[in-house]
Amino acid sequence: MVVLPYTVAFLLLSFLQTVKIANSQSFIGISYGQVGDNLPPPSSTAKLLQSTSIQKVRLYGSDPAIIKALANTGIGIVSGTANGDIPGLASDPDFAKSWINTNVLPFYPASNIILITVGNEVMTSNDQNLMNKLLPAMQNVQNALNDASLGGKIKVSTVHSMGVLKQSEPPSSGSFDPSYRDLMKGLLEFNSANGSPFAINPYPYFAYRSDTRPETLAFCLFQPNAGRIDGNTKIKYMNMFDAQVDAVYSALNSMGFKNVEIVVAETGWPFKGDDTDVGPSIENAKAYNGNLIAHLRSMVGTPLMPGKSVDTYLFALYDEDLKPGPGSERLSGLFKTDLTMIYDAGLSTSNQE
């Protein structure tokens with residue numbers, strides 16, 4: 001068979017485009033929790049991540065061994081301060097400076113720290129003291145970065161649960177809970193002024209748990225379904241992820257902050273749980289994460305934010321056998337601690353189209 005020159009050129013162009021896509025998926029991240037006693041060494045994890053299309057890692061703390069192991073990999077690192085550190089960070093600028101001096105300066109820029117999250121789901125913690133001190137803590141961390149000439153290079157934010165929304169259906173009516181409004185306005189003004197993202201943890205899995213009809217499962221897993229029409233916009237939503245993210249966009253827009261970037265700091269589906277848990281299975285976890293990854297790669301975006309994919313951190317890299325709560329909290333890993341896949345969600349660079 002004779003291969004014409006233009007055919008060769010087309011095939012080469014297609015191959016190069018595929019390589020470009022594989023190497024530019026900066027929107028795919030993963031959460032790396034450490035509440036376990038059997039986790040592999042950080043150096044092994046760094047090699048594992050480099051064998052995948054994962055471009056970013058979210059840490060819930062600032063483990064120096066992990067941050068150091070990720071040096072010179074190019075992988076973006078989200079580092080976190082504990083909720084318990086918030087009062088000290090808020091009241092003492094020197095503590096914030098010390099935190100940056102200890103957890104950032106020794107590693108950056110070899111370790112590509114891109115974001116510091118001050119606390120996790122503080123606004124829905126029902127701890128009024130933490131809630132009131134969250135913004136001052138973020139401001140002091142930002143000031144410490146500015147003093148180290150890193151203010152424009154490393155962003156500062158916090159992470160919210162979907163519980164900060166009073167309404168999420170239909171997506172165009174998304175709005176924040178009025179009880180958080182004043183505090184949320186200050187946080188959003190901070191995000192806007194510093195170009196930092198609004199980070200949130202949407203979980204279609206939890207939506208399914210409260211409505212276990214088969215059509216809801218299909219809607220949550222990106223599987224064929226009749227869709228759901230937003231009565232206000234007449235937009236038909238085909239999956240719960242888009243609906244939840246657009247509800248967040250609408251909530252931001254309603255407060256005048258539609259230009260603040262949304263980051264999905266956590267989303268996933270457990271592959272196993274307790275006997276009473278509804279929804280966890282290998283099949284469902286593979287469908288959710290695999291179809292979500294394909295959806296992000298399509299770059300179609302959401303109906304209200306078309307043509308781009310939000311940075312999304314899958315939950316989670318490994319199971320965490322010491323994590324409290326129901327079994328599903330411990331069994332959401334994509335990889336076993338021996339570094340093999342629990343199921344194939346399409347993250348390996350070797351099986352990528």
Side-chain angles (χ1 to χ4, degrees), residues 10-32 48-58 73-78 112 114-115 171 197 199-205 217-225 227 235-249 261-269 271 282-317 332-335 341-353:
F10 175 78
L11 291 172
L12 180 60
L13 185 63
S14 298
F15 172 74
L16 290 174
Q17 184 66 17
T18 301
V19 171
K20 182 182 176 185
I21 291 170
N23 289 332
S24 62
Q25 294 173 352
S26 59
F27 43 79
I28 297 179
I30 200 158
S31 298
Y32 182 1
L48 170 65
L49 291 170
Q50 287 179 286
S51 73
T52 73
S53 52
I54 295 165
Q55 296 287 310
K56 295 175 179 175
V57 174
R58 179 190 172 197
T73 62
I75 293 171
I77 301 166
V78 178
N112 184 26
I114 56 174
L115 176 66
I200 193 151
N201 298 338
Y203 272 93
Y205 167 68
L217 183 62
F219 188 67
C220 289
L221 296 180
F222 301 84
Q223 292 173 336
N225 66 91
I235 292 170
K236 181 186 278 191
Y237 281 83
M238 300 308 298
N239 66 79
M240 182 65 79
F241 179 84
D242 282 355
Q244 290 184 334
V245 171
D246 273 359
V248 174
Y249 174 82
E261 178 193 3
I262 296 170
V263 164
V264 172
E266 225 183 82
T267 191
W269 199 287
F271 67 86
I282 291 276
E283 183 183 12
N284 288 349
K286 181 177 180 178
Y288 179 73
N289 285 312
N291 290 336
L292 171 58
I293 291 164
H295 182 53
L296 294 171
R297 284 179 178 151
S298 76
M299 298 297 286
V300 71
T302 72
L304 297 184
M305 294 185 291
K308 62 177 182 178
S309 291
V310 296
D311 283 6
T312 300
Y313 292 80
L314 305 170
F315 187 84
L317 184 55
S332 294
L334 273 73
F335 293 90
M341 287 183 287
I342 293 174
Y343 55 87
D344 188 354
L347 286 171
S348 172
T349 51
S350 63
N351 68 3
Q352 206 173 115
E353 290 184 8

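Here, residue 1 is the first one in the sequence, and each next residue gets the next number.
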Could you measure the distance from the [atom1] atom of [X] to the [atom2] atom of [Y]? Nearest 0.5 Å is fine.
{"X": "Ile262", "Y": "Thr312", "atom1": "CD1", "atom2": "OG1", "answer": "10.5 Å"}
{"X": "Leu217", "Y": "Asn225", "atom1": "CG", "atom2": "CG", "answer": "10.0 Å"}
{"X": "Ser309", "Y": "Leu292", "atom1": "OG", "atom2": "CG", "answer": "9.0 Å"}

Report yes if the side chains of [X] and [Y] come closer than 4.5 Å at any heavy-atom pair, otherwise no.
{"X": "Leu49", "Y": "Leu317", "answer": "yes"}
{"X": "Val245", "Y": "Pro171", "answer": "no"}
{"X": "Phe335", "Y": "Thr52", "answer": "yes"}
{"X": "Leu115", "Y": "Val263", "answer": "no"}
{"X": "Ile54", "Y": "Leu48", "answer": "no"}
{"X": "Tyr205", "Y": "Asn284", "answer": "no"}
{"X": "Leu304", "Y": "Ile235", "answer": "yes"}

ask   = For Ser31, which residues count as a side chain to side chain donor-acceptor pair (under 3.5 Å) partner, sequence neighbours excluded?
value = Tyr60
ask   = Does any N or O in the side chain of Arg58 come within less than 3.5 Å of the main-chain N or O of Glu266, such that one atom is a donor and the other an acceptor?
value = no
ask   = Can any side-chain N or O of Ser53 pair as donor or acceptor with the backbone N or O of Leu347 at less than 3.5 Å?
value = yes
remark   = ring-ring contact (aromatic ring centres under 6.0 Å, His included) filter on Tyr249, not counting sequence neighbours, yields none
So which atom in [X] and which in [Y] form the shortest heavy-atom distance, rounded to 0.1 Å?
{"X": "Ala345", "Y": "Leu334", "answer": "CB-CD2, 4.1 Å"}
{"X": "Pro204", "Y": "Thr267", "answer": "CD-OG1, 3.8 Å"}
{"X": "Ala287", "Y": "Gln223", "answer": "CB-NE2, 3.7 Å"}
{"X": "Cys220", "Y": "Tyr288", "answer": "O-CD1, 3.3 Å"}
{"X": "Tyr313", "Y": "Ala265", "answer": "CB-O, 3.3 Å"}
{"X": "Gly268", "Y": "Asn289", "answer": "CA-OD1, 4.0 Å"}

key: Set of salt bridge (Lys or Arg N to Asp or Glu O under 4.0 Å) partners for Lys286, sequence neighbours left out   = none
ask   = Which salt bridge (charged side-chain N to carboxylate O under 4.0 Å, His left out) pairs, counting each pair once, include a residue from residues 299-314, with sequence neighbours left out?
value = Lys56-Asp311
Which atom pairs, one a donor and one an acceptor, fall under 3.5 Å between side chains of residues 236-244 and the rest of the protein, sequence neighbours left out?
from   : atom 1 : to     : atom 2 : distance (Å)
Tyr237 : OH     : Asp246 : OD2    : 2.6
Asn239 : OD1    : Phe241 : N      : 3.2
Asn239 : OD1    : Asp242 : N      : 2.7
Asn239 : ND2    : Asp242 : OD2    : 3.1
Asp242 : OD1    : His295 : NE2    : 2.8
Asp242 : OD2    : His295 : NE2    : 3.2
Gln244 : OE1    : Tyr203 : N      : 3.3

inquiry  = Checking Ala285 now: which residues fulfil side chain to side chain contact (heavy atoms under 4.5 Å, CB included) with it, not counting sequence neighbours?
reply    = Trp269, Phe271, Tyr343
query = Which residues pass the side chain to side chain contact (heavy atoms under 4.5 Å, CB included) test with Gln50, sequence neighbours left out?
reply = Thr73, Ile75
